[in-house]
Protein chains: 2
Amino acid sequence: MELTDRQKLILTLIIHEHIRTAQPVGSRTIVEQYDLSMSSATVRNEMAALTEYGLLRQPHTSAGRVPTEEGYRFFVGNLVQKSGLPTTTRRTIAHQFYQSRQDVEQWLRLAASVLANQSQAASLVTAPHSEKTIFKHLELIATRGRQVLMVLVLMGGEIRQQFISLAEPVSQEQLSAIAAEISTLCVRCDADQMARIRPQLDALGEDILNVLLAEMALTEESATGEIYLDGMTNVLSEPEFAESEEARQALHVLEERSLLENLLASTVMNTDVGGIQVLIGGEGTWNELRQCSMVLSRYGDPNTLTGSVGVLGPIRMPYDRTISTVRFVANVLSDLVSETLAV
Amino acid sequence: MELTDRQKLILTLIIHEHIRTAQPVGSRTIVEQYDLSMSSATVRNEMAALTEYGLLRQPHTSAGRVPTEEGYRFFVGNLVQKSGLPTTTRRTIAHQFYQSRQDVEQWLRLAASVLANQSQAASLVTAPHSEKTIFKHLELIATRGRQVLMVLVLMGGEIRQQFISLAEPVSQEQLSAIAAEISTLCVRCDADQMARIRPQLDALGEDILNVLLAEMALTEESATGEIYLDGMTNVLSEPEFAESEEARQALHVLEERSLLENLLASTVMNTDVGGIQVLIGGEGTWNELRQCSMVLSRYGDPNTLTGSVGVLGPIRMPYDRTISTVRFVANVLSDLVSETLAV
DNA sequence: TTTTAGCACTCTCAATCTGAGAGTGCTAAA
DNA sequence: TTTAGCACTCTCAGATTGAGAGTGCTAAAA
């Protein structure tokens, strides 16, 4: 399938017009709308060809054309020009990060918010997460009776906390001593290396080490860090989701963490950092996403800490702009990670 | 307005039937459905009276009756019997908490999930938060160059983290020393008391103290802890939200944190721990909630740590069951807080 | 060979009309 | 005080219609 330049032009115009109006696009409309120097009949002939190729489709005999998923895919793959975001927009976004609090959580929240607002769709951001969890620091804090709060800091700034119920009460001094001991023994160790210090610990220390290792294993198991969502309600404004049943399916993917983690694990996680992945209409695999598209990217430091950012919206999505936005936000986050978190 | 027992019965039946079917309820329907020993004409007379009182309303002349918001309010205030959850349900829920990880975040997430599933509505849970922030422990961790990760543990297990950019690089040993010094000097201090140790610190220590105090002030300012949401998509299944525009308004309240915090601050936060607050149709105050109701409660330890739990659903909500569920979950969380977090 | 004007044809959509059905309020009798 | 009976009202689903939009095809023009 080799398209002529004119066919590419017409496909592009139809997609633009359809994104703008959410309506089927007729031959006359685009001739008038875009001042084409050809007649509507010519356009009709080209449209017939594009329909033949499976890039357009007619909802019914006497309606205009609508891009098929294949049509969008061709558009994203071949016709989208990598425009980049307007400078003013970049400035606005950068400024927001600049004056936000110096706190990973805030950054991620902000990233989600920026994505949602810029793309008027639902957005998701996962916290930076490393495939291999490396110990950095342990803190034990006596709370009530035999309850101890364990705070575990991992390389890359991930913090995990958990309660431990001890067999008998232990003083804060004693706890601090153990925490300090484990902390110095294990700096920059992974779970396997840490397991080897067991002989050097007393009974209490061993109990704590066990919980610690379990927690690290759990962290390592999960494919992504914490997930931040925003702009779910934006999706509800789109005409294709006027029937809320359609919207329910789409948003369910974001709400059901396990589903979302699977999705991310098998898509973005295979992409290079900085690369963009576009899923159109679920790509035949993700049934819940039949009505929507996602634009995803990976940010961070390829070998150590990475996370995902992305946007979920209707298939009829302004891909060029959305892709630019996702790419830009991913870059901003990459910079922040390498400035503050990198090992 | 004093209702006869028969009027109360009929109001109750109409509400039950309407909750079940989401349709206006006719006089014949409830006579047949509930085997009433009176004729439909009698019921009609009573319905006319209840309509007069403003507890019922007719969508149009020849339709059945629908409860008004006032009707629901009367029902919730006077007719709901405090049934409590079935024992098996209680067991199931308790079991889920029992076998979850020992981690506040997990508990809260689970609480939100349980609420959402049990009530088939959207749920929200805020992390326990105290009006007065009390220092417990400080940790400083060197990351990259002049960047330092500050981890602040507050009484009650709240953890705040933030990056600090120092003027010049400082070794981990030095950082640990300062952290230990501040930690021992300030245990159980509030921000005011902490400010007084400033003279005992060197320049670096002062810088850190400043960030620390700013962070504590910020925490104290915010009315609630972290917010966990779940079941947003449940709301989309309800027939009153079939038009997604209606749903958008409702869910927007949950998504827009500042809105939600305001709402919580001016409702549940004035309730006693263990008390239940029911907002029906926005109560004239909350415009965005005109189409929905919320059932809210407060959990925790009244004098120190409290958080909110609640459910958002359509006005046509099974209040008795929802109230029981919210109350039960609030109690479970209160127990967990007092067992592990209380001061 | 390619493009275009012209035209018959198809299909949707909004507007209008219709009758069935559900539910009411009123009245008069039980 | 309750109830049977009945006229009346209003909605809702289905059928019908005409206008409008858009197409595909054909034959003429470039």
Side-chain angles (χ1 to χ4, degrees), chain A residues 2-11 13-18 20-68 71 239-240 242-243, chain B residues 2-11 13-18 20-68 71 239-240 242-243:
Chain A
E2 195 52 50
L3 298 193
T4 65
D5 283 353
R6 193 167 66 184
Q7 287 170 336
K8 290 179 185 168
L9 172 67
I10 289 176
L11 178 57
L13 294 182
I14 289 176
I15 289 181
H16 272 141
E17 192 63 13
H18 179 65
R20 208 172 60 81
T21 62
Q23 296 293 324
V25 181
S27 53
R28 179 141 43 133
T29 316
I30 60 168
V31 171
E32 287 176 2
Q33 192 72 33
Y34 296 96
D35 269 336
L36 291 194
S37 56
M38 60 188 108
S39 79
S40 61
T42 312
V43 174
R44 279 205 287 284
N45 287 332
E46 299 292 33
M47 282 160 92
L50 290 168
T51 307
E52 185 80 12
Y53 295 151
L55 302 178
L56 296 179
R57 121 191 116 73
Q58 276 182 293
H60 51 266
T61 331
S62 79
R65 300 306 209 284
V66 169
T68 61
E240 29 271 273
E243 304 287 315
Chain B
E2 196 51 52
L3 298 194
T4 65
D5 282 352
R6 193 167 67 183
Q7 286 171 336
K8 289 181 186 169
L9 172 67
I10 289 176
L11 177 60
L13 294 182
I14 289 176
I15 289 182
H16 272 141
E17 192 63 12
H18 179 65
R20 208 172 61 81
T21 63
Q23 295 293 326
V25 181
S27 52
R28 179 143 41 138
T29 316
I30 58 169
V31 171
E32 288 175 1
Q33 192 73 31
Y34 296 97
D35 269 335
L36 290 194
S37 56
M38 60 189 107
S39 81
S40 63
T42 311
V43 173
R44 278 205 287 286
N45 287 332
E46 299 291 32
M47 281 159 96
L50 290 168
T51 308
E52 186 79 12
Y53 295 151
L55 302 178
L56 296 180
R57 126 190 110 74
Q58 277 181 291
H60 51 266
T61 332
S62 80
R65 298 308 208 284
V66 168
T68 61
E240 30 270 273
E243 303 288 314

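Here is how names work: the chains are called A, B, and so on, in the same order as the sequence lines, proteins then strands, and each is numbered from 1.
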**Q** T29(A) and E17(A): which non-hydrogen atoms are nearest, and at how many Å?
**A**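 Looking at all heavy atoms of both residues, the shortest contact is CG2-OE2, 4.2 Å.
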**Q** Rounded to whole angstrom units, what separation is found between the CG atom of D5(A) and the P atom of dT2(C)?
**A**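 The answer, rounded to whole Å, is 16 Å.
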**Q** Is there a side-chain contact between Q33(A) and H16(A), using heavy atoms and a 4.5 Å cut-off?
**A**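 Counting from C-beta outward, Q33(A) and H16(A) never come under 4.5 Å.
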**Q** Can you measure I10(B) atom CD1 to dT2(D) atom P for me and round it to whole angstrom units?
**A**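 So the two atoms are 10 Å apart, to the nearest Å.
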**Q** Could you give the CD-to-P distance, from E46(B) to dT3(D), as a whole number of Å?
**A**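 Those two atoms, CD and P, are 11 Å apart.
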**Q** Nearest nucleotide by nearest heavy atom, which residue falls closer to the 5' end of DNA chain D, M38(B) or P59(B)?
**A**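 Comparing both residues, the 5'-ward one is M38(B).
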**Q** Heavy atoms, side chains only, cut-off 4.5 Å: are I10(A) and R6(A) in contact?
**A**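 Contact flag for I10(A)/R6(A) side chains = yes.
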**Q** Under a 3.5 Å limit for both distances, which nucleotide forms a Watson-Crick or G-U wobble pair with dA21(D), could you say?
**A**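 The answer is dT10(C), by the H-bond criterion.
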**Q** Please report, rounded to the nearest Å, how far the P atom of dA21(D) is from the NE2 atom of H60(A).
**A**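 From H60(A) NE2 to dA21(D) P: 13 Å.
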**Q** When you compare the side chains of R57(A) and T68(A), does any donor N or O come within less than 3.5 Å of an acceptor on the partner?
**A**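 Checked: R57(A)/T68(A) side chains show no N/O donor-acceptor pair below 3.5 Å.
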**Q** Summarise how protein sits on nucleotides 23-30 of chain C as a single string, 5' to 3': B when a protein heavy atom is under 4.0 Å from the base, S for sugar-phosphate-only contact, - for no contact.
**A** BBB-----
**Q** Are T42(A) and L36(A) packed together at the side-chain level, in the sense that at least one heavy-atom pair is separated by less than 4.5 angstrom?
**A**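 No. Closest side-chain heavy atoms not under 4.5 Å.
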**Q** Write down the partner of dT16(D) under the Watson-Crick or G-U wobble criteria, each distance required to be under 3.5 Å.
**A**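 Pairing partner, where one exists within any strand: dA15(C).
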**Q** T42(B) has a side chain; which of dC11(C), dT2(D), dT11(D) sits nearest to it?
**A**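 Shortest atom-to-atom distance from the side chain points to dT2(D).
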**Q** Taking the side chain as every heavy atom from C-beta outward, state whether L9(B) and Y34(B) have any pair of such atoms under 4.5 Å apart.
**A**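 Not in contact.
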**Q** dA29(C) pairs with which nucleotide, Watson-Crick or G-U wobble, both distances below 3.5 Å?
**A**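 Pair assignment: dA29(C) / dT2(D).
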**Q** Does a nitrogen or oxygen in the side chain of R6(A) sit under 4.0 Å from OP1 or OP2 of dT3(C)?
**A**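 Yes, within the criterion.
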